[in-house]
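Every chain is numbered from 1 and lettered A, B, ... according to where its sequence line falls, protein lines coming before strand lines.
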Amino acid sequence: MGLHAYLTLSALVFAIGLFGVLTRRNAIGILLGIELMLNAVNINLVAFSRFTGDLGGLVFSLFTISITVAEVALGLAIVIVIFRVRKTVEADRLDLLRG
Amino acid sequence: MIVETVGFAVVAVVLLASSLAVVLTKNLFHAVLYLAAALVSTAGIFLLLASPFLFAVQLLLYAGGVVTIVVFAIMLTERLVGERIAQTSRDIVNGAIVAAAVLVAVIGFLVQAPAMTPPATAVAEQTVAIGKALVGPFAVPLELLGLLLVAALLGAVYFARAED
Amino acid sequence: MRILVWLPLLVLGLPFASFLLLAVVPPLRRTGRGAGVISILAIAGAFLGALGVWTQGFRTESRWEWIPADGGPMATVGILVDPLSAAMLALITLVSLLVQVYSLDYLHDEPARGLGRYYAYHSLFAFSMLGLVLSPTFLQMFIFWELVGLCSYLLIGYWYDRPAAARAAVKAFWVTKLGDVGFVVGIVMLWGTTGTFDFTTLFAMARENQIPAEGLTLTLFLIYLGAVGKSAQFPLHVWLPDAMEGPTPVSALIHAATMVTAGVFLVTRAQPLFLLAPDVMGIIAAVGAFTALLAASMACVETDIKRVLAYSTVSQLGYMMTAAGLAAAAAGFFHLLTHGVFKALLFLGAGAVIHAVGTNDMFRMGGLGRAMPQTAIVFIVGTLALAGVPPLAGFFSKEAILAGVWQHGATTLFVILALTAFLTAFYMFRAVFLVFFGRAHAAGHPHDAPWLMRGPLWILAILTVAIGLRYAIGGHGDDAHPAPGWLAPFSVVLALSGIALAWAMYQRGAIEPAALSRALRPIDFMARRRYGLDALYGGLYQAFILGFSGLIGWIDRYFVDGILNVLSAWTLRGGDGLRRIQTGRAQDYLYGVAFGVLLVVVWFHWWAQ
Amino acid sequence: MTLPPIAFQALMAFIVLNAILVVVAYVTLLERKFAARMQSRIGPYYVGWPHGWLQPIADALKLMMKEDVVPDAADRWVYNLAPIVFLVPCLLIFATIPFAPGLGVADLNIGVLFFLAVSALEIVGLFMGGWGSNNKYALLSAMRAVNQIISYDLPFIFAALVPVVLAGSMQMSAIVGAQAGLLGWFLFYPVIGQLAFIAFIVATLAAENRVPFDILEAESELVAGFRVEYSGMKFALIQLAEYAHMLGTSFLGALLFLGGWLGPGPAWLGPVWFLLKALVVFLLVTWVRWSFVRIRVDQILAISWKLLLPLSLLLLMASAFVVAFGAGHGA
């Protein structure tokens with residue numbers, strides 16, 4: 001399997017994740033999309049690491065995974081707070097910043 | 001070689017299908033489960049890429065951790081027991097167009113890139129190598145990561161604290 | 001010989017020390033009379049020092065570097081003592097001392113803190129005026145020049161809660177500033193051509209014709225403008241009558257004896273320079289004479305006793321300026337000294353009268369000679385001196401000026417000044433008859449002032465007589481302009497005829513004043529309206545300043561603001577349009593991010609190969 | 001042995017899987033007997049001969065023949081998939097456990113990590129069951145399970161990592177190899193070993209949802225926890241998965257702390273020794289289970305976060321220090 005196969009797969013997953021982020025109404029759904037995108041990034045990192053023999057990709061995907069976990073925890077904490085205050089997690093209705 | 005190709009095909013199909021399901025299914029809980037499937041199949045990809053350590057980390061942190069947390073959040077935000085959590089999507093066409101555009105752009109790069117062949121053997125003693133790298137050239141990022149995690153932990157605790 | 005330096009410095013320093021003490025120690029200032037005593041002690045010390053300087057008659061010059069620059073200091077400070085400044089020192093300290101003593105009683109009704117402020121200003125004024133006359137350079141002189149202007153402003157506006165006083169203070173300040181601008185521009189131009197502010201150096205250069213003639217006329221004219229403002233020459237004389245809103249002792253000190261003579265002093269001091277510019281000298285003389293006559297005519301119709309004296313001051317300043325402009329500076333300066341003494345006397349006397357009857361209007365006084373005989377006597381002494389009746393001081397100084405003018409061959413100016421002398425006698429005795437003779441109008445029981453006020457009056461009166469007698473016995477001090485033999489009788493006749501006319505009109509009633517004013521209708525009309533100068537200035541102010549301001553305001557409101565309003569309207573409208581982009585929904589922003597990524601990617605694809 | 005690796009692994013997987021199923025079945029019997037003895041009973045006795053030895057077979061047959069009831073309100077897909085998802089990781093954990101040198105499916109060099117990672121997946125299945133049943137008791141139970149497993153995952157991992165650090169490898173066989181010799185077991189490692197073993201046992205109890213940490217089952221409150229709606233074959237699968245997990249964890253404990261297959265006698269006795277040690281661990285857990293009462297949720301969480309987590313972290317650091325300063329077996 002060539003590198004292209006992995007990268008294409010990763011690009012597809014990334015695009016799917018982007019689609020989810022763009023279209024989901026539920027804040028948690030958006031977070032899921034973000035997870036997919038980050039996951040695609042990880043595939044890229046690991047694939048490059050494998051194909052170049054450079055360890056950096058692995059280490060960085062480790063970092064990515066850890067940061068993602070922190071991000072998810074924090075993001076969900078925010079979602080919970082929002083839910084407590086606004087009684088909704090619909091991203092469309094969280095538009096206090098509307099101009 | 002055959003085994004690897006077949007394995008890749010299977011895992012890729014599962015990954016893509018579950019990814020699509022994540023963004024398309026109406027049931028949020030199902031979406032999380034599909035995400036878990038996607039993450040596990042990603043872990044399979046890692047195995048194919050001869051990175052068992054990352055495979056384990058992916059399972060442990062992502063599938064075990066992230067999914068659990070997400071489920072937890074669903075539990076807390078939706079009514080504990082009640083009607084199914086339906087979730088709708090908005091601007092599906094726009095999102096699809098933009099996502100497709102990004103995909104085409106990235107693929108555009110890919111087709112220009114030269115093909116690469118992997119080194120005959122994967123990094124030997126990968127785990128040891130990663131460990132040494134983490135405390136060697138990547139020591140500072142590692143410490144920063146620790147700092148970030150502490151900050152995230154504090155932030156999460158602050159957000160989740162009981163209302164006074 | 002060190003005393004030569006230290007004595008003038010002591011004279012200068014004592015009032016300053018008193019001012020500092022009163023300025024920075026509020027409890028002391030708030031004692032009022034206590035502050036007055038401190039100030040009086042200081043000025044008395046200064047007076048003794050000035051007497052020493054004057055009587056010893058030494059000259060000295062000391063300098064200290066002030067503004068350092070490459071190739072020698074750019075400016076120096078110091079003191080310059082010569083007969084001119086020594087005489088001024090004596091006059092200033094004397095009048096200051098007397099006025100301050102006089103003020104103790106004159107202002108005894110004032111609240112303590114106001115009185116403290118008054119004496120603080122007085123000390124500052126004494127310091128500034130002394131510094132002015134001691135200045136060895138134009139620059140230092142200008143600084144003190146402005147300081148006395150400030151003190152004048154502060155003291156005219158002493159009763160700052162009176163609108164008229166506040167307005168008069170501001171008016172005095174601005175009108176004199178008008179001249180001061182010329183002054184400062186002039187000295188800077190002079191510095192530009194000669195590279196020095198120093199009098200001695202400048203005079204030396206003038207003697208050796210080293211001063212470039214080019215532009216000198218303009219330069220000196222600008223410097224002269226300063227004198228015009230300070231010494232209330234036409235057309236900037238309008239502030240002086242208004243300055244009478246200040247306390248009468250202030251008028252006596254600043255607006256009769258000292259500050260207003262600064263212009264004359266300046267022209268006299270810089271005489272060697274002015275001699276290089278005959279045109280300017282001619283202007284000085286002509287303007288001086290014109291001012292003298294104009295002010296005298298206005299004094300004839302004025303009813304406010306202080307304003308009569310103020311116009312008289314303007315008139316006499318014109319006299320001095322004429323003399324200075326005709327190279328008879330010594331005569332002018334002599335008149336300055338004598339005038340300072342007897343005009344202070346007149347003002348202080350008028351102050352005593354006003355103090356007694358509570359009004360400035362002469363027509364509401366009358367018959368006060370009986371009620372306050374001492375005041376009447378000293379006032380009449382001063383009046384006679386001003387009118388030029390021998391053997392009082394004014395006679396000799398005025399005669400010296402007339403002699404100088406005649407000597408110079410300026411017949412027209414001589415005629416004008418003679419006419420002015422006649423008018424002077426007339427309006428002064430008009431005042432005397434209206435105030436001290438005739439029927440009493442005033443209510444209450446006016447009586448002579450307390451001794452603190454009477455004392456200075458008597459001292460000044462005696463001085464007036466004494467100076468006159470000294471010259472009557474000792475002959476003219478000024479031998480440079482020997483007077484023609486007919487001049488003395490002529491001027492006496494002028495004075496006496498003026499007195500006689502006043503007697504006929506206001507004492508005897510032989511000539512109806514109304515009839516005379518009908519006969520001289522145009523002049524009377526104009527004089528009563530101050531020749532429309534105030535109105536003219538008002539009009540000019542209205543027409544030009546306000547018009548210009550209105551124009552600027554219009555431009556600002558409709559043009560500048562208009563541009564800004566249009567800009568802001570566009571900004572607002574643009575913001576209104578742009579805010580629609582801000583939906584507040586995170587995903588819409590994500591579209592932006594995605595588009596940005598796309599842009600970068602596309603750019604890489606096609607342009608950045 | 002000239003089998004290709006893949007084929008060998010497949011064969012091993014088949015053998016291990018079936019062996020596990022049998023062992024698990026009889027482990028249930030063992031527990032019931034053991035519990036009965038503790039309570040002065042006899043336990044299963046009549047089915048099969050002697051002393052009810054066929055009881056597990058009978059139970060399995062009975063469950064397989066029962067009607068498969070699916071609640072109407074259930075989220076059908078999730079409900080049906082849950083037992084499978086629950087079972088798979090529980091069986092996968094045996095993949096890296098070697099029963100003797102070379103006798104295992106795959107002796108990965110990240111064996112311990114693999115074990116931990118895979119066992120972390122079982123929570124998904126558990127939750128699917130709780131959610132898919134659409135029953136509030138099941139859901140509450142699942143909630144509690146998530147709570148508890150998140151809390152005890154970290155102490156469990158840290159405790160398991162102590163031997164890893166001491167041995168200097170995550171490969172199971174290497175860990176066993178490091179414990180060779182008289183008193184070479186990590187259980188006998190001064191101080192650290194005993195404390196780590198205690199932490200491991202406690203965390204195991206919690207991770208397996210055993211008494212006193214069985215609030216997600218809590219018969220008196222939640223009926224039977226997340227499996228309340230399950231019956232028949234699916235129930236059997238869940239039970240199987242649970243016991244497989246318990247057994248796997250016992251094997252891990254025996255391997256990490258008790259020296260695995262090491263023991264006196266010839267090499268072929270190794271698997272026997274290993275099984276015996278695992279059963280000892282299992283019985284230890286069972287002993288605790290039948291000796292304590294259930295504790296409250298907040299107590300559980302307090303024990304985890306305030307006691308066990310710092311303790312295990314401290315132990316991990318201590319062992320790291322020991323290794324770093326040259327006293328350990330590792331590199």
Side-chain angles (χ1 to χ4, degrees), chain A residues 1-9 11-29 31-33 35-36 39 42-43 46-47 49-53 55-56 58-59 61-63 65-74 76-81 83-84 89 92, chain B residues 4-5 8 12 15-16 19-20 22-23 28 31 35 38-39 42 45-46 49-51 54 57-58 61-62 65-66 69-70 73-74 76-77 87-92 95-96 98-100 102-103 106-107 110 115-116 118-119 122-123 129-130 133-134 138 141 145 148-149 152 155-156 159-160:
Chain A
M1 292 308 298
L3 179 61
H4 282 173
Y6 290 101
L7 297 186
T8 310
L9 179 68
L12 278 167
V13 175
F14 186 85
I16 293 171
L18 178 62
F19 171 77
V21 171
L22 288 177
T23 56
R24 282 304 201 191
R25 280 187 205 278
N26 191 308
I28 295 176
L31 272 174
L32 298 187
E35 292 309 309
L36 278 183
N39 208 38
N42 278 342
I43 294 177
V46 175
S49 169
R50 169 78 177 99
F51 280 81
T52 60
L55 212 59
L58 293 180
V59 174
S61 61
L62 267 184
F63 286 163
I65 291 173
S66 313
I67 291 173
T68 306
V69 172
E71 167 247 321
V72 168
L74 210 49
L76 288 173
I78 292 172
V79 168
I80 290 172
V81 171
F83 179 75
R84 257 192 227 154
V89 286
D92 275 5
Chain B
E4 200 193 340
T5 309
F8 178 79
L15 175 56
L16 288 178
S19 298
L20 275 174
V22 167
V23 298
L28 190 56
L35 178 69
L39 295 176
T42 306
I45 298 266
F46 291 165
L49 285 168
S51 308
L54 270 177
V57 170
Q58 171 90 359
L61 283 184
Y62 250 126
V66 172
I69 299 172
V70 174
I74 295 176
L76 285 174
T77 54
Q87 69 154 357
T88 50
S89 298
R90 59 195 282 274
D91 301 338
I92 288 182
V98 171
V102 171
L103 178 67
V106 174
I107 300 284
L110 285 185
M116 289 179 80
V123 182
I130 289 178
L134 275 179
F138 294 98
L145 179 70
L148 177 82
L149 290 180
F159 280 133

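Ranked by non-hydrogen atom pairs under 4.5 Å with chain B, the options Ala77(A), Gly56(A), Gly17(A), Ala73(A) are led by Ala77(A). The candidate with the highest count of non-hydrogen atom pairs below 4.5 Å against chain B, out of Leu31(A), Leu9(A), Val72(A), is Leu9(A). Heavy-atom pairs under 4.5 Å with chain A peak, among Ala38(B), Ala100(B), Ala156(B), at Ala156(B). Of all the listed residues (Leu18(A), Val59(A), Val69(A), Thr8(A)), the one sharing the greatest number of non-hydrogen pairs under 4.5 Å with chain B is Val59(A).
Across Leu54(B) and Ser61(A), no two heavy atoms sit closer than the pair CD1-OG, 3.1 Å. Taking every heavy atom of both residues into account, Leu55(A) and Ala133(B) meet most closely at CD2-CB, 3.9 Å. When all heavy atoms are compared, the tightest approach of Ala70(A) to Ala152(B) is CB-CB, 3.7 Å. Heavy atoms only, all atoms of each residue included: Gly20(A) and Val23(B) are closest at CA-CG1, 3.4 Å. Contact record, Ser19(B) with Val13(A): OG-CG1, 4.0 Å, taken as the closest heavy-atom pair. The two atoms that bring Val106(B) and Ala11(A) nearest to each other are CG1-CB, 3.9 Å, heavy atoms only.
Tested against Leu15(B), the residues Ile43(A), Leu12(A), Leu36(A) include a single side chain to side chain contact (heavy atoms under 4.5 Å, CB included) partner, Ile43(A).
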* Asked: Do Leu49(B) and Phe51(A) pass the side chain to side chain contact (heavy atoms under 4.5 Å, CB included) test, and can you show the C-alpha distance, the side-chain angles, and the key distance before you say yes or no?
  -> CA-CA 9 Å; Leu49(B) 285 168; Phe51(A) 280 81; 4.0 Å; yes
* Asked: Are Phe19(A) and Val102(B) close enough, and set up right, to give a side chain to side chain contact (heavy atoms under 4.5 Å, CB included), and what steps lead you there?
  -> CA-CA 10 Å; Phe19(A) 171 77; Val102(B) 171; over 6 Å; no
* Test log, rule side chain to side chain contact (heavy atoms under 4.5 Å, CB included), inputs Asn39(A) and Leu35(B) -> CA-CA 10 Å; Asn39(A) 208 38; Leu35(B) 178 69; over 6 Å; no
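Contacts of Leu145(B) with chain A are made by side-chain atoms alone, with heavy-atom separations under 4.5 Å and no backbone atom involved. If you measure heavy-atom distances from Val46(A) to chain B, the contacts under 4.5 Å come from both the backbone and the side chain. Looking at Leu16(B), the atoms closer than 4.5 Å to chain A (heavy atoms on both sides) sit in the backbone and in the side chain alike. For Ser51(B), the part sitting under 4.5 Å from any heavy atom of chain A is the side chain, from C-beta outward, and nothing else. In this structure, chain B has a heavy atom under 4.5 Å from the side chain of Phe14(A), while its backbone stays farther away.
Side-chain contact between Asn42(A) and Thr42(B) is absent, with no heavy atoms from C-beta onward closer than 4.5 Å.
A search for side chain to side chain contact (heavy atoms under 4.5 Å, CB included) contacts involving Ile78(A) returns Ile82(A), Phe159(B), not counting sequence neighbours.
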